[in-house]
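One-based numbering along the sequence shown. Both ligands and their constituent atoms are indexed starting at 1 by order of listing.
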Amino acid sequence: MSKSGHKTRTIPLSKPWLDEAEVQASRRPIVSAWVTQGPEVAAFEQEFASLVGTPYACAVSNCTSALHLALLAVGVKPGDEVSTVSHSFIASANSIRYCGATPVFVDIQPGTFNMDPEIIDQTITDRTRAILCVHQMGMPCDLKAILQIAERHSLPVVEDAACAIGSEILGEGNWEKIGKPHGDIACFSFHPRKLITTGDGGMLTTSHEQWDEKFRHWRQHGMSVSDAVRHGSNKVIFESYPALGYNYRLTDIQAAVGREQLKKVPDLVKRRRYLADRYRELLGDIPGLLLPEEPSWARSNWQSYCVRLPEGCVQREVMQYLLDLGISTRRGIMCAHREEAYADIPLPLPLPESERAQEQCIILPLFHEFTEEDQDHTATALREALRANKHGPAS
Ligand SMILES: *Cc1c(COP(=O)(O)O)cnc(C)c1O
């Protein structure tokens with residue numbers, strides 16, 4: 001195949017693992033005619049809770065709405081500040097602004113792309129109301145260090161676990177799932193770019209019963225009784241609206257799909273960890289190419305596999321070379337502070353590692369049905385692309 005010629009195959013960046021099981025499950029709510037938040041959502045929540053090991057799990061429309069409710073629950077109000085990373089999908093920082101608060105950005109560690117705990121202290125002022133940490137691309141952030149800092153300042157911790165279903169962190173000698181209450185609230189996404197999908201969807205986990213109750217009111221317009229309770233009652237019930245709420249419901253059609261997806265989590269994580277190990281073998285000897293680091297206390301689900309290009313390589317050219325060979329990639333994770341929507345947000349600290357990661361990294365294809373053959377092809381193509389793209393400092 002020539003570079004300009006016909007693509008013999010196209011390798012996507014990612015692809016959800018969906019099959020006949022999800023098709024069949026989606027029939028249940030449709031046939032029953034109970035299609036929005038009802039029995040399937042309740043079952044999905046229970047099954048999610050038992051998978052990650054949390055007493056409470058509340059399903060919502062997506063992870064962005066989950067983050068919004070989590071920040072409201074821990075008391076983030078207009079004028080407050082929340083310490084977080086800029087190097088994340090923009091929804092992390094946006095959720096802080098939905099509360100009328102200001103994100104204060106902490107730089108990242110270059111090897112894990114996660115919040116650098118050493119810098120958090122510098123962002124804390126008397127207006128700081130919470131820490132919003134992110135398990136970026138499924139790699140657990142250094143929760144132990146972050147929780148210690150939070151405790152010292154009496155601040156709640158919200159975990160943006162959008163990408164981290166199935167990821168694990170070493171507790172007291174045991175591997176524990178992200179979502180088991182470590183911080184105060186963890187928020188998950190079921191967007192198709194994450195490990196499991198319901199089209200769109202989100203989940204909040206916590207050990208605080210009062211917060212779980214709040215989430216349930218807020219997600220349904222602040223209504224005092226849910227549709228399911230009112231429908232199931234043999235007495236007339238008049239609902240009331242004690243507080244401002246939102247429409248952040250997940251539908252029963254989505255939850256029915258989600259219940260099938262949950263069953264696949266162990267296989268999904270196993271396959272991705274195998275493919276990530278394989279990338280390390282295939283790419284480990286390329287001079288100057290840096291592979292993502294997994295700390296000894298973390299087990300990533302490898303939602304994304306992000307490599308740092310050798311010094312002097314031009315990111316866009318490498319990506320184009322791969323695309324010409326039919327291989328889709330993405331550049332490193334965005335930085336919210338560099339977007340026009342954030343032009344008015346003050347930047348008290350420089351974010352050199354965040355910016356470098358965005359500019360020097362590319363995300364390689366990795367998904368459940370990615371074959372070894374396609375992975376070999378991707379690795380060979382990357383090797384060629386880097387060889388063809390030597391703009392090294394010496395030349
Ligand atoms: C995908 C993602 C979100 C947003 O999730 P949605 O379900 O699409 O709202 C938030 N934070 C991070 C880190 C993400 O990757």
Side-chain angles (χ1 to χ4, degrees), residues 13-14 16 41 44 48 57-72 82-99 103 105-106 108-109 112-115 130-141 143 146 157-167 178-179 183 185-205 215 218-219 246-251 254-255 257-258 261-262 272 292 300-306 330-337 339 341-342 354 357-358 361 363 366-367:
L13 182 74
S14 103
V41 166
F44 182 41
F48 190 95
C58 179
V60 288
S61 51
N62 54 64
C63 183
T64 311
S65 50
L67 290 166
H68 182 199
L69 297 188
L71 293 170
L72 289 178
V82 177
S83 298
T84 191
V85 284
S86 169
H87 184 76
S88 182
F89 183 55
I90 200 162
S92 311
N94 282 354
S95 66
I96 295 167
R97 297 177 68 192
Y98 296 164
C99 301
F105 295 128
V106 181
I108 57 159
Q109 297 172 320
T112 61
F113 308 102
N114 274 324
M115 178 181 263
I131 297 173
L132 173 60
C133 60
V134 181
H135 303 297
Q136 195 51 260
M137 298 181 273
M139 183 64 72
C141 62
L143 271 180
I146 294 168
V157 173
V158 174
E159 298 166 58
D160 181 341
C163 303
I165 186 166
S167 296
I178 296 295
I185 303 170
C187 302
F188 293 86
S189 172
F190 309 125
H191 180 274
R193 269 290 276 125
K194 322 298 178 179
L195 254 68
I196 66 168
T197 188
T198 58
D200 264 306
M203 190 73 77
L204 292 129
T205 66
F215 302 150
W218 282 334
R219 73 177 172 180
Y246 307 88
N247 181 355
Y248 284 173
R249 280 181 303 239
L250 191 74
T251 70
Q254 293 170 299
V257 171
Q261 289 274 281
L262 275 185
R272 283 170 175 272
S300 181
N301 65 7
W302 296 107
Q303 181 268 339
S304 288
Y305 196 84
C306 186
R330 293 285 182 280
R331 67 171 175 170
I333 300 293
M334 66 174 297
C335 291
H337 75 277
E339 296 298 323
Y342 278 73
S354 301
Q358 180 185 14
C361 294
I363 297 175
L366 183 64
F367 51 96

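The CZ atom of Phe188 lies 9.5 Å from the CG atom of Leu204; values are rounded to the nearest 0.5 Å. One finds the CE atom of Met115 at 10.0 Å from the OG atom of Ser354 (value rounded to the nearest 0.5 Å). The line from NZ of Lys194 to SG of Cys163 is 4.0 Å long, rounded to the nearest 0.5 Å.
Pairs passing the side chain to side chain donor-acceptor pair (under 3.5 Å) check and including a residue from residues 89-99, sequence neighbours excluded, read Ser88-Ser92, Ser92-Asp160, Asn94-Tyr342.
Close approach of ligand 1 to Asn62 (heavy-atom distance below 4.0 Å) involves ligand atoms 7 (O), 9 (O). Atoms of ligand 1 found under 4.0 Å from any heavy atom of Val134, numbered from 1 in the order shown, are 13 (C). Residue contact check: Ser88 has heavy atoms under 4.0 Å from atoms 13 (C) of ligand 1. Short contacts between ligand 1 and Ala162, defined as distances under 4.0 Å to a heavy atom of the residue, involve ligand atoms 2 (C), 3 (C), 10 (C), 11 (N), 12 (C), 14 (C), 15 (O).
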| Ile165 and Phe48: CA distance, side-chain angles, deciding distance, side-chain contact (heavy atoms from CB on, under 4.5 Å) verdict | CA-CA 10 Å; Ile165 186 166; Phe48 190 95; 3.4 Å; yes
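At the shortest separation from atom 10 (C) of ligand 1 among protein heavy atoms lies Asp160 OD2, 3.6 Å. The protein non-hydrogen atom at the shortest distance from atom 15 (O) of ligand 1 is Lys194 NZ, 2.6 Å.
Ligand 1 has an N or O atom lying under 3.5 Å from an N or O atom of Ser189, backbone or side chain.
Contact annotation: for Thr64 versus ligand 1, heavy atoms closer than 4.0 Å belong to both the backbone and the side chain. At a heavy-atom cutoff of 4.0 Å, ligand 1 is contacted by the side chain of Cys163 but not by its backbone.
Heavy atoms only, all atoms of each residue included: Leu132 and Ile96 are closest at CD2-CD1, 3.9 Å. In this structure, Ser14 and Leu366 approach most closely via the heavy-atom pair CB-O, 4.2 Å.
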